[in-house]
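Numbering of residues begins at 1 and proceeds along the displayed sequence. Remember, it's 1-based here, ligands and their atoms both numbered in the order they're listed.
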Amino acid sequence: MADKKFELTDLASGKKSLLPVKSGTIGPDVLDIAAINKDHGVFTHDPGFGVTSATESKITYIDGDAGVLEYRGYPIEQLAEKSSFMEVCYLLLNGDLPKKAELEKFNDDIRHHTMINETLLRFYNGFHHNAHPMAMVSAVIASMSAFYHDSMDIHNPRHREIFAHRIIAKIPTIAAAAHKHSLGQPFVYPRNDLGYCANMLNMFFAVPCEPYHVDPVAAEALDLLFILHADHEQNASTSTVRLAGSTGANPYAAISAGVAALWGPAHGGANEAVLAMLEQIGTVENVPKYLAMAKDKSSHFRLMGFGHRVYKNFDPRAKIIRAACHKVLERLGSTNNPLFELALKLEEIALKDSYFVERKLYPNVDFYSGIIYSALGIPRSMFTVMFAIARTVGWVAHWQEMISDPAMRIGRPRQLYTGAGKRDYVELGKR
Ligand code: SDX
């Protein structure tokens with residue numbers, strides 16, 4: 001097929017140019033605008049990058065209108081039903097589902113990197129007991145660049161693989177240490193006889209004075225949530241990791257930047273904000289009042305867990321989590337969960353309201369996830385940390401894809417300058 005092109009005409013000068021069109025495996029074509037400044041002396045302008053393709057990627061595909069999410073071509077619904085988080089990690093990092101021996105080796109590699117340097121544990125004593133765990137986790141991950149700075153040649157594939165194993169293995173340990181610090185309880189070491197999620201729950205909830213039994217239902221629920229949160233193409237935190245990594249920065253520092261970006265309530269911080277919102281609403285009777293506030297721009301109140309930059313249909317992850325809530329709450333014996341009932345009612349009422357329907361504002365991944373985290377006994381301040389644990393593999397996969405691309409360049413957006421024109425300095429006495 002002849003190369004597809006768009007013609008661009010500057011109507012003021014009549015100057016024309018042809019923009020090459022690139023097509024992917026699936027999804028919208030993109031216009032290659034690299035020559036637009038040379039040919040027309042202009043930049044494109046897209047604050048928030050709503051319609052800008054920042055990179056080519058083979059990792060995750062989203063169709064926001066159809067509510068489609070695929071990791072390396074595999075539909076999220078099938079992975080949620082049939083896969084495991086460790087298998088999804090292998091898939092995102094390597095591009096294909098592992099064979100049995102490959103999965104066993106990957107599990108073994110991860111399992112033998114779960115401990116953190118003992119001196120890192122002393123970092124936690126520098127935090128007040130009520131420090132937000134996202135602050136502790138991002139700080140401790142950034143400090144890992146001090147421990148591995150020498151053995152980190154980002155252009156060495158083996159070094160990149162060891163980095164991937166280390167950070168995926170250690171982030172649950174780092175997260176659990178933050179949780180134990182906030183409780184004033186002793187740190188619990190990882191155990192190599194437990195799976196990834198069971199090990200995390202044990203580090204969170206075990207105490208030295210009695211044996212702790214990890215509920216398999218809880219481990220299974222966490223595994224599902226981690227699969228659903230593992231990657232999501234060029235979201236804000238992943239784009240942050242790519243931009244930080246594009247400078248050649250130590251990858252632990254780049255992941256720490258991703259944790260910081262995820263923390264915001266417009267992004268991964270929404271899961272924590274949803275629970276606070278549901279508690280603030282309190283009863284179904286109050287729903288109309290809060291929906292009115294969500295529609296009133298002057299209120300600055302937003303329906304947390306609703307809306308998405310890409311999904312203009314149901315977030316497929318929200319549907320899966322909503323269904324899982326029913327099953328997990330029943331199996332954990334907390335079928336009477338007022339906040340879940342309120343969330344279901346809030347969704348039902350909002351999706352009949354023209355404001356939300358017209359703007360295609362549906363529940364997103366964060367709307368129901370906190371219900372399950374709460375049922376597992378995880379405190380609300382740790383919800384976004386859970387998101388970060390799961391998303392670490394997605395951040396690493398995108399970082400690896402970028403760093404291993406020979407054509408990689410430092411990311412450096414331009415701007416539309418609307419500030420003061422050139423003017424001369426005025427001495428203090430003359431101002
Ligand atoms: C995640 O990008 C990803 O992929 C992210 C993520 C991932 O896996 O990495 O999916 C995870 O971050 C999910 C999103 C979690 N955030 C929230 O739930 C916070 C609440 N949602 C909103 O703040 C908002 O919907 C965003 C931030 C998610 C999306 O914002 P956009 O795309 O910039 O949309 P917008 O702010 O331009 O909203 C369009 C309209 C506006 O009204 P009008 O000006 O057209 O009248 O919809 C309104 C907004 O006011 N609107 C909402 C709303 N979300 C959008 N109104 C009330 N409540 C909301 N939640």
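Nearest protein heavy-atom neighbour of atom 57 (C) of ligand 1: Ala294 O, 3.6 Å. At the shortest separation from atom 11 (C) of ligand 1 among protein heavy atoms lies His267 ND1, 3.8 Å. Regarding atom 29 (C) of ligand 1, its nearest protein heavy-atom neighbour is Arg309 N, 3.8 Å. Among protein heavy atoms, atom 5 (C) of ligand 1 sits closest to His308 NE2, 3.6 Å. The protein heavy atom nearest to atom 2 (O) of ligand 1 is Asn235 CB, 3.5 Å. Nearest non-hydrogen protein atom to atom 28 (C) of ligand 1 is Gly307 O, 3.7 Å. In this structure, atom 48 (C) of ligand 1 lies nearest to the protein heavy atom Tyr355 OH, 3.5 Å. The shortest contact between atom 27 (C) of ligand 1 and any protein heavy atom is with Ala266 O, 3.9 Å.
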| said: Apply ring pair (Phe, Tyr, Trp, His ring centres under 6.0 Å) to residues His308 and His232 and explain how you reach the verdict. | reply: CA-CA 12 Å; His308 199 278; His232 215 236; 5.4 Å; yes
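The closest non-hydrogen atom to atom 51 (N) of ligand 1, taken over Val365, Leu361, Asn271, comes from Leu361. Scanning His229, Arg302, Glu358, Arg317 for the heavy atom closest to atom 36 (O) of ligand 1 points to Arg302. The heavy atom nearest to atom 1 (C) of ligand 1, considering only Thr238, Asp366, Asp296, is found in Asp366. Nearest residue to atom 46 (O) of ligand 1 from Arg391, Glu233, Lys295, Lys297 is Lys297 (criterion: closest heavy atom). Distances from atom 4 (O) of ligand 1 to the heavy atoms of Lys360, Gln234, His232, Arg359 put His232 nearest.
For Leu303, a nitrogen or oxygen atom sits less than 3.5 Å from a nitrogen or oxygen atom of ligand 1, counting backbone and side chain alike. Polar contact with ligand 1: present for Phe306 (N/O pair, distance under 3.5 Å). Polar contact with ligand 1: absent for Lys312 (N/O pair, distance under 3.5 Å). The shortest N or O to N or O distance between Met304 and ligand 1 is not under 3.5 Å.
Between the Ser256 side chain and the Tyr252 main chain, no donor and acceptor come within less than 3.5 Å of each other. Here the side chain of Asn271 pairs no donor or acceptor atom with the backbone of Gly370 at under 3.5 angstrom. Ser83 contributes no side-chain N or O that, together with a main-chain N or O of Ala80, makes up a donor-acceptor pair within less than 3.5 Å. Formation of a donor-acceptor pair under 3.5 Å by the His129 side chain with backbone atoms of Leu183 is not found in this model.
Contact annotation for Ala273 and ligand 1: no heavy atom of the residue comes within less than 4.0 Å of the ligand. Residue-level proximity to ligand 1 for Tyr311 is absent, since no heavy atom of it falls below 4.0 angstrom.
Proximity to Gly305 (heavy-atom distance under 4.0 Å) selects the following atoms of ligand 1: 17 (C), 18 (O). Of all the atoms in ligand 1, the ones that sit under 4.0 Å from a non-hydrogen atom of Ala270 are 15 (C), 16 (N), 17 (C), 18 (O).
One side chain, Glu347 or Tyr368, offers a donor N or O that lies under 3.5 Å from an acceptor on the other. If you check the side chains of Ser237 and Trp395, you find a donor sitting under 3.5 Å from an acceptor. There is a side-chain donor-acceptor pair under 3.5 Å between Glu401 and Ser57. In this model, no donor atom of one side chain and acceptor atom of the other lie less than 3.5 Å apart for Thr114 and Lys170. Under the 3.5 Å distance criterion, with hydrogens and angles disregarded, a donor-acceptor pair is assigned to the side chains of His398 and Asp231.
Under a cutoff of 6.0 Å and an axis angle of 45°, Arg380 and Tyr373 do not form a cation-pi pair.
Remark: Glu330 CD is loosely packed, at most 12 non-hydrogen atoms of other residues, nucleotides or ligands lying under 6.0 Å away.
For atom 39 (C) of ligand 1, the protein comes within 4.0 Å by no heavy atom at all.
We find that Asp29 and Lys4 are joined by a salt bridge, their nearest charged nitrogen and carboxylate oxygen being less than 4.0 Å apart.
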